[in-house]
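Comments concern the structure below.
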Amino acid sequence: MKLCEGTTLNLLHLLTDQRHWKLRYSAAGVHLFDRSTGLNILLDEILVPASLYSRAPRQISIALTNRCDLACPHCYAPKSRDELPFDVITKWLAELDTHGTLGVGFGGGEPTLYPEFVRLCKHVVEKTHLAVSFTTHGHHIDSELAEQLRGFIHFVRVSVDGVGATYESIRRRPFTALLACLERVRTISRFGINVVINERTLPELDEIARVAADVGACELLLLPQVSVRGVPGIDAHTLQDLRRWVESYKGPLRLCINEASADGFPICDPLVEERGLLAYAHIDAKGVLKPCSYHETGVPIGEGGVLQAIQRLASEQRERNI
Ligand code: SF4
């Protein structure tokens, strides 16, 4: 029996309601997402009417606070005391959840310094269908915080640039303390390692990947250094060496790279129809919506909510022909 598309979508709704799948509709088809396992399924045989396309970005990142107790030389986060109010964040996330966003990534600054961090993660897991992740330097994750977060986090990203003395010269924290943190992080949820790639950290990638696999990470996110606020970006030679490293990597970790740096890398993107603001957007600690966290300008989120700000940003981008 051949079902019409409307019937197929209704059936999917019935099935997914019972199995905790979240649905997202786009020109690519119907995207099913299970936040507890991270499993994504794309039903690209289903032609979704344009009127049903999800209007929110697939993924949103939010800088909860600009506070951080480290001073990494490559840091792009403004050193200010800006912090987003709890009620405002939860209102935005409820709106994004309704309109098809699949996950939120909390960052900063250092998100574990946000005064209501645990309460916020619990709230999002209990009141929305969003997957919750956060990016951290890891040094505040003691046993108590790990215990409080367990069950309310779906993925953790820990920033590790270099090993041993290189790490310590960048982060000014003992590398052994980081390794102890990673042992606690693995008790919270699946986790990955983020590496800012520059001429200092690239030579240590083999060792970083080995340490990451040994402590139980499942992903290595490569972040070629971006030029921002006087910090130089990655040079062409190092970028070329990074491409060679990626092509020769045979280890167990899933390799990822940010969209802006993906050119020339062997990437797999099944959702090419969902690029730009449909794929990802960032909200900074002042409540300004931006295409990504490196952008210095964006659109303040007003009373009209996040989706209205996204439309304004999209129309500004069209005008500027971005
Ligand atoms: S830990 Fe992150 S937010 Fe803090 S200074 Fe380093 S790069 Fe910036």
Side-chain angles (χ1 to χ4, degrees), residues 60-84 89 104-115 117 120-121 133-142 145-146 149 153 155-182 184-185 188 191-202 204-205 208 211-212 217 219-234 238 256-258 260-261 282-288 290 292-296 298:
I60 192 88
S61 70
I62 301 183
L64 300 177
T65 173
N66 277 337
R67 291 170 59 207
C68 183
D69 49 341
L70 302 194
C72 313
H74 58 257
C75 184
Y76 60 83
K79 295 286 177 281
S80 68
R81 298 194 73 78
D82 294 299
E83 211 151 75
L84 291 168
I89 301 169
V104 58
F106 293 128
E110 172 53 44
T112 57
L113 293 179
Y114 186 69
F117 184 57
L120 180 63
C121 296
S133 63
F134 67 101
T135 300
T136 176
H137 60 51
H139 290 283
H140 296 297
I141 301 182
D142 55 16
L145 182 57
L149 289 173
I153 295 291
F155 202 84
V156 183
R157 294 198 160 82
V158 185
S159 305
V160 181
D161 312 308
V163 291
T166 307
Y167 177 87
E168 291 176 0
S169 70
I170 294 171
R171 301 268 163 182
R172 309 256 175 227
R173 291 289 186 279
F175 190 64
T176 48
L178 172 78
L179 294 177
C181 284
L182 292 174
R184 293 189 284 274
V185 166
I188 301 175
F191 75 102
I193 299 294
N194 290 0
V195 191
V196 173
I197 307 290
N198 55 35
E199 70 285 357
R200 277 186 80 193
T201 58
L202 182 73
E204 303 203 348
L205 254 187
I208 296 170
V211 169
E219 177 187 291
L220 193 64
L221 173 58
L222 305 168
L223 300 167
Q225 187 163 301
V226 171
S227 167
V228 84
R229 289 193 194 89
V231 179
I234 188 170
T238 309
C256 300
I257 192 159
N258 53 334
S261 309
H282 174 75
I283 300 173
D284 76 10
K286 290 184 170 167
V288 176
K290 300 175 173 177
C292 79
S293 52
Y294 302 114
H295 270 244
E296 295 200 21

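One-based numbering, in listed order, for ligands and for the atoms of each.
- For Gly108, the heavy-atom gap to ligand 1 stays at 4.0 angstrom or more.
- Within the structure, salt bridge (charged side-chain N to carboxylate O under 4.0 Å, His left out) contacts touching residues 192-202 (residues at least two apart or in different chains) do not occur.
- Glu168 places a side-chain N or O within donor-acceptor distance of the main-chain N or O of Phe175, the cut-off being under 3.5 Å.
- Here Ser293 pairs with Tyr76 under the side chain to side chain donor-acceptor pair (under 3.5 Å) rule; sequence neighbours left out.
- Looking at residues two or more places apart in sequence or on another chain, you find a side chain to side chain donor-acceptor pair (under 3.5 Å) between Asn258 and Ser261.
- Inspection of the environment of atom 6 (Fe) of ligand 1 yields the following protein N, O or S atoms under 2.8 Å: Cys72 SG.
- Checked by atom type and distance alone, the side chain of Thr135 never pairs as donor or acceptor with a backbone atom of Gly107 at under 3.5 Å.
- Side chains of Asp69 and His139: a donor-acceptor N/O pair is absent below 3.5 angstrom, by distance only.
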